[in-house]
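A short worksheet on the structure shown next.
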Amino acid sequence: MRAIAITVAILLLAYLLPTAYLNYSEPVLKWDWASIDLDDLSFPEGFIWGVASAAHQVEGGHTGNNWAAWEQGSYPDGRPHILNNEETGAACEHWERYPEDIRLMQELGVSSYRFSVSWSKIMPQEGVIDSVALQHYVDVCDSLAAVGISPMVTLHHFEHPLWFEEKGAFEKVENIGHFVHFSDAVFNALKDRVTFWCTINEPAVFVIAAYFDGNFPPGKQDPQLAAIVLKNLFKAHVAVYQHLKSLPGGERAQIGIVKNMHQIDPVNEWSLLDRLLARTVNNGFNGSFITTFRDGHYRFHFPTLVDEAEAIADAPSTLDFVGLNYYSHNGMAFSPDLDEALKTRMYPGETPTDMTYTIYPEGLYRAIQEISVLGRPIIITENGIADAKDDRRGDFIRRYIYAVSKAIEDGYDVRGFHYWSLTDNFEWDLGYGQRFGLYHVDFATQKRTLREGSKEFQRIVKAHSNWPDR
Ligand code: IFM
C-alpha cells in the first residue's frame with residue numbers, strides 16, 4: 001500500500017514539477033488591462049503609419065490568376081471554392097478608384113500605403129509584359145507621392161498567374177526564375193518611386209492553406225509538399241533579394257519578407273501534452289521561418305507527418321527589414337486522434353473577432369519579441385480586426401497599438417505600423433463577409449464610409465505622426 005502511495009506521489013511530482021516550471025517560465029502572456037493607461041503611447045521620430053491592401057482583394061478585374069480559377073471552379077475538381085460561392089468580381093474597384101482611396105488615406109493622416117502588384121495582370125502570359133498594367137502601378141505611386149504618402153510594394157500576395165500555377169508554381173524549385181523575372185520588371189518600373197519592397201506575403205499561411213488544409217488554390221492536402229513549397233518560397237525570397245540588390249538602384253532598396261507570427265498556445269497550460277503539441281506546431285509554422293532567416297537552416301518537422309530540412313545559407317543576409325503581420329493566437333489541445341489534435345481552437349476566455357481567433361494584443365508584443373531575434377528593423381505590415389458590427393474595433397486598435405508602443409519603450413526596433421485594411425475587401429476563401437476595413441464598403445454602390453471604431457486609428461495617427469519633413 002505504502003509503495004503504491006509513494007509511486008503515485010512520484011508520478012504526480014514528475015508531472016506537476018515540469019508543468020509548474022513551464023507555467024512559470026513560459027506563461028501565455030496576459031496583461032492586467034485595468035491597470036494600463038492606453039493613452040500612454042510614444043513613438044520615435046519618423047515612425048511610419050500606414051494602411052495595407054493586396055491586389056486580388058481590392059482591385060477587381062482579375063481573370064487569369066490562380067484565385068479567379070479557384071473561385072470559378074476551373075481546378076480539376078470542377079467546383080467553386082469560396083464561401084457562398086462568391087467571386088471577387090469588381091472587388092472594391094480599387095483599380096479605377098485608387099485616387100478616391102488615396103484621399104481616404106489622407107483623411108486618416110497616414111504616410112505609407114502597402115499594396116501588392118498583380119503578377120497576373122502585369123504578366124498575363126509567360127514572358128509577356130503588359131506595359132499598360134505596369135504603368136498603372138507607376139501612376140498609383142505618383143499619385144501617392146503627390147500627397148506625401150510612400151508606397152510599400154509586395155511582389156507576391158497569395159496571387160499568381162494561371163500559367164505559373166499550371167507549371168507547378170512554387171512546388172518546383174526551377175520555377176523560381178519566373179518570379180525573379182517578374183520582380184525584375186516591377187523593380188525596374190518602380191525603383192525610383194519605391195523604397196520598401198516585400199517579396200512574399202505570409203509564406204506559411206499561404207502554404208498551410210494551399211497545401212495542408214486545401215482552402216486556397218491549388219487545394220492540395222499533402223504535408224510533405226507543403227514543407228517543400230515553404231522551403232521554395234524562402235529560396236524565392238533569397239533569389240529575388242539578391243537579384244534586385246544587384247540591379248542599378250538595388251543598393252537604395254529596402255527589401256524584406258512578411259511573416260505572420262500567429263502563435264499556437266496550449267489550451268490547458270497545465271497539460272504537458274497540450275504544451276508539447278503547441279510547441280511542435282509552433283516550431284513548424286513560426287520556427288521554420290526563424291531558423292531559416294537567423295541560422296540559414298530550414299527545417300519543417302511534425303512527427304509522422306512531415307520532415308523536410310535543407311540549408312539556405314544566404315537567407316540571413318537577405319533582410320533589410322522584416323515585415324510582421326500579427327492578428328492573434330489559437331489554442332491547441334492534445335488528442336490521440338491527429339485530426340482532432342490539429343484543430344485550431346479559439347483561445348479560451350478572450351473576446352472573439354469575426355474570424356476564428358480572439359483579440360490578443362499581448363501576442364503582438366510577443367511576436368515582436370520573437371521576431372526580434374533576427375536582429376533586423378521590424379515593420380508591422382498588417383494588423384487589424386474583422387468586426388462587422390464595429391463594436392470591438394476601437395478597443396482593438398487602442399490595445400494593439402499600445403502593445404507596439406510598449407515594445408518600442410522596452411527597446412525593440414519597430415519602425416512602422418500598417419493597419420489591415422483601408423477598406424473592406426475579399427477575404428480569400430471566406431469571401432466578402434469578413435469586414436476588416438477602416439472604411440465600410442457598400443459593394444452595391446462602392447460607397448466608402450469611415451467606421452466609428454476606426455476613428456481611434458485616425459486619432460492616434462494624427463497625434464503621433466512626427467515626420468521631420470511633413
Ligand atoms: O486578408 C488577409 C491578408 O491577405 C493577409 N493577412 C491576413 C489578412 C486578414 O486575414
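Residue indices begin at 1 and follow the sequence shown. Whatever order the structure lists them in is the order used to number ligands and atoms, beginning at 1.
Under the 6.0 Å cut-off for aromatic ring centres, Phe179 and Trp119 qualify, their centroids lying closer than that. For Trp70 and Phe216, the ring centers sit 6.0 Å or farther from each other. Separation of the His262 and Tyr357 ring centroids falls under the 6.0 Å cut-off.
Those atoms of ligand 1 that come under 4.0 Å of a heavy atom in Glu427, given as number and element, are 1 (O), 2 (C), 9 (C), 10 (O). In the vicinity of Trp428, heavy-atom distances shorter than 4.0 Å reach the ligand 1 atoms 1 (O), 2 (C), 3 (C), 4 (O). Counting the atoms of ligand 1 from 1 in the order shown, those under 4.0 Å from a heavy atom of His157 are 3 (C), 4 (O), 5 (C).
Contacts between Asn260 and ligand 1, counted as non-hydrogen atom pairs separated by less than 4.0 Å, are absent for every part of the residue. For Gln434, no heavy-atom contact with ligand 1 is shorter than 4.0 Å.
Not a single N or O atom of Asn201, backbone or side chain, sits closer than 3.5 Å to an N or O atom of ligand 1.
Relative orientation of the Phe206 and His160 rings is perpendicular, given thresholds of 30° and 60° on the angle between their planes.
By the salt bridge (Lys or Arg N to Asp or Glu O under 4.0 Å) test, Glu310 pairs with Lys231, Lys235, sequence neighbours left out.
For atom 6 (N) of ligand 1, the nearest non-hydrogen atom of the protein is Glu382 OE1, 2.5 Å.
Note on residues 371-392: no pairs pass ring-ring contact (aromatic ring centres under 6.0 Å, His included), not counting sequence neighbours.
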